[in-house]
Amino acid sequence: PTEHQLCEEFERSRFTVREALRRMTDMGMLVRVTRKGTRVISDHPGTAYVQPLDSIEEVMMHVRDTRLNVVSVDMLSVDPVLAEQLGCKPGETWLRISGLRETRDKQLPLSWTDIYVVERYSGIMGELKSSSKAIYELIEARYGEKIAEIEQEISATNVQAAMALALQVRPGSPALLVIRRAFNERGDVIEISVNTQPASRYTFSLRVGRHRTSVRQTLSSEAAT
């Protein structure tokens with residue numbers, strides 16, 4: 001039902017209904033998609049965060065519906081190994097924001113995330129502590145850039161010792177490396193996020209039909225297993 005219908009049925013204000021839907025979404029019972037409505041995906045609370053991947057808006061919903069607990073912010077000169085990962089030239093300067101990606105209920109962290117921002121957008125550095133906006137939203141607001149395309153790569157990796165303690169897993173344990181590159185309308189990279197996600201906290205599924213492809217990823221807490 002729409003928010004209006006729920007307000008009438010339960011005789012509650014729109015604010016109350018929206019808050020209830022938000023909490024049910026956080027509990028893994030609903031999925032809310034811009035311009036597509038709300039779907040019930042479970043009749044009981046769970047610990048999984050499910051994200052459809054049918055559009056840019058749905059991909060970025062992952063950023064809006066989770067929280068990046070920033071651990072460090074620095075400017076760095078890209079070495080050859082990182083340059084290959086980012087697809088840039090060694091010696092370029094990038095802004096790096098590192099931290100733990102968490103669900104709103106702050107259960108086990110979903111991933112260790114390094115976000116790399118092109119140097120010309122590094123002016124957002126001063127806004128990171130005072131703003132609750134996502135990195136791409138800060139770039140859009142300050143520089144007028146819009147994300148037109150997102151490229152995502154997924155590969156196997158192992159959790160590095162430096163991030164194992166923060167992720168609450170053993171060093172060297174299996175993980176997925178999820179790299180997302182965001183491009184503007186000119187095809188230039190705006191930001192790149194490199195996410196190390198413990199294997200038990202990430203599932204990628206693909207369902208293909210003749211006329212439609214449905215993709216979704218699920219990030220879940222080990223507390224459920």
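None of the values given here were measured: they were computed from a predicted structure. Sequence positions, counted from 1, serve as the residue numbers for this chain.
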[atom1]/[X] to [atom2]/[Y] distance, rounded to the nearest 0.5 angstrom?
X	Y	atom1	atom2	answer
I97	D114	CD1	CG	9.5 Å
T113	N195	OG1	CG	4.0 Å
E119	L76	CD	CG	10.5 Å
L6	E3	CG	CD	7.5 Å
R101	I115	CZ	CD1	5.5 Å
I190	I139	CD1	CD1	6.5 Å

For [X], what residues pass the side chain to side chain contact (heavy atoms under 4.5 Å, CB included) criterion, not counting sequence neighbours?
X	result
L165	none
E140	Y136, K146, I147
Q5	P1, T2
Q85	L82, L177, I179, V194

So, for [X] and [Y], which heavy atoms are closest and what is the spacing to 0.1 Å?
X	Y	answer
N158	G172	ND2-O, 2.9 Å
A161	P171	CA-CB, 4.0 Å
L68	G99	CD1-C, 3.9 Å
P80	P90	CA-CG, 4.1 Å
P109	L100	CB-CD2, 4.1 Å
C88	V78	SG-CG1, 3.9 Å

Could you list all the ring pair (Phe, Tyr, Trp, His ring centres under 6.0 Å) pairs where at least one residue sits in residues 140-162, not counting sequence neighbours?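 Matches after skipping sequence neighbours: Y121-Y143.
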
Suppose the criterion is ring pair (Phe, Tyr, Trp, His ring centres under 6.0 Å): which pairs have a residue in residues 76-104, not counting sequence neighbours?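 Residue pairs with at least one partner in residues 76-104: there are none.
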
Is there a side-chain contact between [X] and [Y] (heavy atoms, below 4.5 Å)?
X	Y	value
R39	L30	no
S111	T196	no
V17	F15	no
S122	M75	yes
E191	I135	yes
L95	V118	no
R14	C7	yes
S98	W112	yes

Does the pair E145/R186 count as a salt bridge with the N-to-O cut at 4.0 Å?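 R186 and E145: salt-bridged.
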
Which residues satisfy the salt bridge (charged side-chain N to carboxylate O under 4.0 Å, His left out) test with [X], sequence neighbours excluded?
X	value
E151	R181
E19	R22, R23
R120	none
R170	none

Residue pairs fulfilling salt bridge (charged side-chain N to carboxylate O under 4.0 Å, His left out) with at least one residue in residues 88-99, sequence neighbours excluded: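 Found D74-R96.
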
Taking M29 as the starting point, is it possible to reach V40 by hopping between hydrophobic residues whose side chains are less than 4.5 Å apart?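 Hydrophobic grouping puts V40 with M29.
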
Show the numbers, then the answer: is there a side-chain contact (heavy atoms from CB on, under 4.5 Å) between V70 and L128? CA-CA 9 Å; V70 177; L128 293 173; 5.8 Å; no

Tell me if a side-chain donor or acceptor on E127 pairs with a main-chain N or O of I124 at a distance below 3.5 Å.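 Not at all, since once roles are kept as given, no pair shorter than 3.5 Å links the two residues.
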
Going by ring pair (Phe, Tyr, Trp, His ring centres under 6.0 Å), name the residues that satisfy it together with F10, two or more places apart in sequence or in a different chain.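 Checked F10 against ring pair (Phe, Tyr, Trp, His ring centres under 6.0 Å); zero matches.
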
Taking atom CD of E84 as the centre, does the number of heavy atoms from other residues, nucleotides or ligands within less than 6.0 Å exceed 12?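 Not more than 12 within 6.0 Å, no.
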
